[in-house]
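Inspection log for the structure reproduced underneath, given as structure tokens.
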Amino acid sequence: MLHKTVKSLLAAALCAAALSGAHAQTVKVGSTPTAVPFNFLDPKTNTLQGVMIDIANAVGKQAGFAVEVTPIPFASLVPALQTGKIDIIASAFAKTPQRAEVVDFTQLVVEYGEALIVPAKDQTDYKSIADLKGKTVGVQIGTLYVEPLKSAPGLKEVKMYETMSDLVRDVALGRLDAAFGDGPVISYQVRTQGVRNVRYVESYQPSMPTNIALAVRKGDAERARQLDAAIDALRQDGTIAAIMKKWGVSR
């Protein structure tokens, strides 16, 4: 009798676990496919990979929900969140006062500064934006660097680009005198990937700090608290540090 009771209890437990797994919540995460190493489309697997993808998956596992990642252009991230197409933004998406008016952010996950690239033939040791007087510079649409560059005195022109890859290409082709972008993204593309005819300006001193966090719909305090708790746990157990190291991103 005892043996049968134990078997019945075990079967019930397994059934409950199966039902729990079957009904695990799926959370839709939006991320851009063009910001190596934070988030990019891997042509070998046709899936999004990178720092923020790994963090989103780790947060989901810690918080107990399944993650479904959707590639979305940078400028469409906020509209996709607001209309319910996605539930979380996990991308190279900076936490700013302006964005905090339309989305709610978690605690910070990654912090870094901007970087500068120029054509390889230009060997000037630029240190600041002021050193680029009279130059045509490029920047990606929707990034933190757009407004500071537009208001910087002395620049000849600020050109807008959809992707970082387009920026790097036009610097290499001499269509731009310089370009700005997220430090780790530019470093990965230009130094790690060895892009021809483009130089990463080592002497440049970043002046526009970027603070990356996950974002949720405005007023979704419960989800923000859930994500914050998961981020705390992942930081304490070393998971976030391991992800940064995996992708060669220093804080």
Side-chain angles (χ1 to χ4, degrees), residues 31-53 71-77 91-94 110 112-210 212 246-250:
S31 190
T32 60
T34 55
V36 181
F38 286 101
N39 24 267
F40 63 96
L41 188 65
D42 183 346
K44 294 180 181 179
T45 62
N46 199 36
T47 60
L48 283 174
Q49 302 289 331
V51 172
M52 297 307 295
I53 307 303
I72 295 177
F74 192 88
S76 300
L77 285 171
S91 195
F93 188 73
V110 188
Y112 56 81
E114 82 279 10
L116 172 68
I117 54 174
V118 298
K121 64 182 180 181
D122 183 350
Q123 292 297 310
T124 305
D125 288 330
Y126 300 104
K127 292 181 173 60
S128 69
I129 297 173
D131 295 337
L132 295 166
K133 183 178 180 180
K135 303 287 188 181
T136 297
V137 304
V139 65
Q140 188 178 0
I141 295 171
T143 61
L144 181 66
Y145 318 121
V146 174
E147 293 308 317
L149 288 173
K150 282 184 174 181
S151 61
L155 296 180
K156 180 180 179 180
E157 183 181 1
V158 177
K159 290 187 175 181
M160 311 297 291
Y161 287 79
E162 287 288 343
T163 70
M164 184 59 63
S165 297
D166 291 338
L167 275 172
V168 174
R169 178 204 63 212
D170 274 14
V171 171
L173 293 174
R175 296 171 181 166
L176 287 172
D177 297 315
F180 288 90
D182 295 335
V185 176
I186 286 187
S187 177
Y188 192 94
Q189 290 202 17
V190 175
R191 295 196 294 190
T192 304
Q193 300 296 311
V195 178
R196 292 170 59 91
N197 300 320
V198 174
R199 182 173 69 89
Y200 182 99
V201 183
E202 300 283 357
S203 58
Y204 180 78
Q205 300 297 312
S207 62
M208 299 177 280
T210 298
I212 302 298
K246 169 186 173 181
W247 293 101
V249 176
S250 58

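These figures come from a predicted structure and were not determined experimentally.
In this structure, the side-chain contact (heavy atoms from CB on, under 4.5 Å) partners of Glu202, at least two apart in sequence or on a different chain, are Arg191, Tyr200. Under the rule for a side-chain hydrogen bond (donor to acceptor under 3.5 Å, both in side chains), the partners of Asp122 that lie at least two apart in sequence or sit in another chain are Thr124, Tyr126. Applying the side-chain contact (heavy atoms from CB on, under 4.5 Å) criterion to Asp177, with sequence neighbours excluded, gives Lys135, Thr136. Not counting sequence neighbours, the partners of Pro71 by the side-chain contact (heavy atoms from CB on, under 4.5 Å) test are Pro33, Leu48. Every residue two or more places apart in sequence or in another chain that forms a side-chain contact (heavy atoms from CB on, under 4.5 Å) with Ala130 is listed here: Ser128. For Lys156, there are no salt bridge (charged side-chain N to carboxylate O under 4.0 Å, His left out) partners at least two apart in sequence or on another chain.
The closest side-chain heavy-atom distance from Leu155 to Leu149 is below 4.5 Å. Under the 4.5 Å side-chain criterion, counting only non-hydrogen atoms from C-beta, Val201 is not in contact with Ile117. Looking only at side-chain heavy atoms (C-beta outward), Gln140 and Asp166 stay at 4.5 Å or farther from each other. Leu176 is listed as a side-chain neighbour of Lys159, based on a closest heavy-atom distance under 4.5 Å. Within the 4.5 Å cutoff, no side-chain heavy atoms of Pro209 are placed close to those of Glu114.
The nearest pair of heavy atoms linking Ile186 to Phe180 is CD1-C, 3.9 Å. Across all their heavy atoms, Pro119 and Val171 have their closest contact at N-CG1, 3.5 Å. In terms of heavy-atom proximity, Met160 sits nearest to Lys150 at SD-CE, 4.2 Å. The minimum heavy-atom distance linking Leu77 with Thr32 is given by the pair CD1-CG2, 3.8 Å. Annotation for Pro148 and Met208: closest pair CB-SD, 3.4 Å, computed over non-hydrogen atoms. Annotation for Gly113 and Pro206: closest pair CA-CB, 4.0 Å, computed over non-hydrogen atoms.
Asp182 and Tyr145 share a donor-acceptor pair across their side chains, judged by distance under 3.5 Å alone. Asp42 and Thr47 share no donor-acceptor pair across their side chains, judged by distance under 3.5 Å alone.
The structure places OH of Tyr161 at 10.5 Å from CD1 of Ile141, a figure rounded to the nearest 0.5 Å. Taken to the nearest 0.5 Å, the CZ atom of Arg169 stands 14.0 Å off from the CG atom of Asn197. Atom CD1 of Ile72 sits about 8.5 Å away from atom OG of Ser31, to the nearest 0.5 Å. Note: Leu167 CG to Arg175 CZ = 12.5 Å, rounded to the nearest 0.5 Å. Considering CG of Asp170 and OG of Ser165, their distance stands at 11.5 Å, rounded to 0.5 Å. In this structure, Leu116 CG and Leu132 CG are separated by 5.5 Å, a value rounded to the nearest 0.5 Å.
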Verdict with supporting geometry, Lys121 and Arg199, side-chain contact (heavy atoms from CB on, under 4.5 Å): CA-CA 8 Å; Lys121 64 182 180 181; Arg199 182 173 69 89; over 6 Å; no

Where do Ile212 and Met52 land on the side-chain contact (heavy atoms from CB on, under 4.5 Å) test, with the steps shown first? CA-CA 9 Å; Ile212 302 298; Met52 297 307 295; 3.9 Å; yes

Run the numbers on Thr163 and Phe74 for side-chain contact (heavy atoms from CB on, under 4.5 Å), then give the verdict. CA-CA 9 Å; Thr163 70; Phe74 192 88; over 6 Å; no

Could you go through Gln49 and Trp247, starting from their C-alpha distance and side-chain angles, then the distance that decides it, and tell me whether this counts as side-chain contact (heavy atoms from CB on, under 4.5 Å)? CA-CA 10 Å; Gln49 302 289 331; Trp247 293 101; 4.3 Å; yes

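At least one donor-acceptor pair under 3.5 Å links the side chain of Ser151 to the backbone N or O of Glu147. Of the possible donor and acceptor atoms, none in the side chain of Asn46 sits under 3.5 Å from a partner among the backbone N and O of Leu41.
In summary, the aromatic rings of Phe93 and Phe38 are positioned with their centroids too far apart to meet the 6.0 Å limit.
Counting non-hydrogen atoms of neighbouring residues, nucleotides and ligands closer than 6.0 angstrom, the CD atom of Glu157 exceeds 12 such neighbours.
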